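No experiment lies behind these values; they were computed from the predicted model shown.
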Amino acid sequence: MTSSTEELLKRLGVSIDAGTLRLALTHRSYAYENGGIPTNERLEFLGDSILGFSVTDALYRDNPELPEGDLAKRRSAVVSTRALAGIGRSLGIGEYIYLGQGEKLTDGKNKASILADTMEALIGATYVSNDIETARQLVMRLIGPLLQDAAALGAGTDWKTSIQELAASRQLGSIYYAVEGSGPDHARTFVAVLRIGGTDYGQGAGRSKKEAEQEAAADAWRKLSVGAAPNQPADSEAGL
């Protein structure tokens, strides 16, 4: 195992055997360009389930007064593509992912969907190399702080509704989501741009159009809440 991967494991605070770790870091674009070797998608599938269970368990135990609907909304807020990608960026995961040339050219190491998928694969790899308790502890180290984040759990219970109400209160104009999909049918990735009154306010990515739109709404809500300037597209309706 190289010193670089040892540094990654140090950041994660877990031990993962070399073969499983490499698999967890192997994006499908790299696999396809190297003879169809195994990808991290099976580990991602496993990690997604462990992540969901661990967060659900913590929310259930720590919030005895909350009804099922609120628990579900909070879980959604902290296991979203945006949340996982943010964790991945803070750990510098992108530098370790094996990517194909096409993804390298389009800065795949910084794409939210790739980072989020890799984080789930690393959770799955932690379980495979250790046990469920070690994987759960990893999840809680990574996600735990988000469970206490009022911004993530407040308006974030339904970002699209929140941004709609905020835009209406400020009379910013009509809301429109521009969504584009890419990738094979079995692993589609969607990117959404939220435009309010012809101006770009937020962007998000996800494995479905709905998730991408929610992420874009969350991005816009945060920017509007802190007074950040939106992005003005060259062909914006506001400039016509």
Would you kindly confirm whether L224 and V193 end up in one hydrophobic cluster when ILVMFWY residues are joined by side chain heavy atoms under 4.5 Å apart?
no
In short, side-chain hydrogen bond (donor to acceptor under 3.5 Å, both in side chains) pairs touching residues 39-52 with sequence neighbours left out are none
Atom CG of N63 and atom CZ of R74: how far apart are they, to the nearest 0.5 Å?
5.0 Å
Pairing of E133 and R136 as salt bridge, 4.0 angstrom limit
yes
Do M119 and L146 sit in one hydrophobic cluster, given that two such residues count as connected whenever their side-chain heavy atoms are within less than 4.5 Å of each other, even indirectly?
yes
Between T81 and E211, do the side chains contain a donor N or O and an acceptor N or O under 3.5 Å apart?
yes
From CG (L23) to CG (L43), nearest 0.5 Å:
4.5 Å
Could you state whether L138 and I132 fall into the same hydrophobic cluster, counting links through intermediate Ile, Leu, Val, Met, Phe, Trp or Tyr residues with side-chain heavy atoms under 4.5 angstrom apart?
yes
Across all chains, not counting sequence neighbours, the side-chain contact (heavy atoms from CB on, under 4.5 Å) partners of A168 are none
Which atom pair, heavy atoms only, marks the closest approach of Y177 to E213?
CE2-O, 3.5 Å
Whether over 12 other heavy atoms sit under 6.0 Å from K160 NZ:
yes
Distance col, row L12:CG vs T5:OG1, nearest 0.5 angstrom, shows 11.0 Å
Over 12 non-hydrogen atoms of neighbours within 6.0 angstrom of CD in Q164:
no
Begin from the C-alpha positions of V128 and I16 and carry the test side chain to side chain contact (heavy atoms under 4.5 Å, CB included) through to its verdict.
CA-CA 8 Å; V128 169; I16 301 174; over 6 Å; no
What's the separation between atom CG in L142 and atom CG in L84, rounded to the nearest 0.5 Å?
9.0 Å
Worked check of salt bridge (Lys or Arg N to Asp or Glu O under 4.0 Å) between K111 and D107
CA-CA 7 Å; K111 289 184 179 178; D107 198 28; over 6 Å; no
Cation over ring, R28 on Y32, under 6.0 Å and within 45°?
no
Is there a donor-acceptor pair closer than 3.5 Å between any side-chain N or O of T126 and the backbone N or O of L122?
yes
Check side-chain hydrogen bond (donor to acceptor under 3.5 Å, both in side chains) between S29 and all other residues, then give those that pass, not counting sequence neighbours.
H27
Check ion pair K10-E6 (N to O, under 4.0 angstrom)
no
For the residue pair D57 / S54, report whether a side-chain donor-acceptor contact shorter than 3.5 Å exists.
no
Minimal heavy-atom distance between G52 and T56, with the atoms involved, is O-OG1, 2.6 Å
Is it possible for you to say whether L46 and I143 belong to one hydrophobic cluster, with membership spreading through side-chain heavy-atom contacts below 4.5 Å?
yes
Enter the distance from Y98:OH to K104:NZ here, rounded to the nearest 0.5 Å.
10.5 Å
Would you kindly confirm whether F53 and I123 end up in one hydrophobic cluster when ILVMFWY residues are joined by side chain heavy atoms under 4.5 Å apart?
no
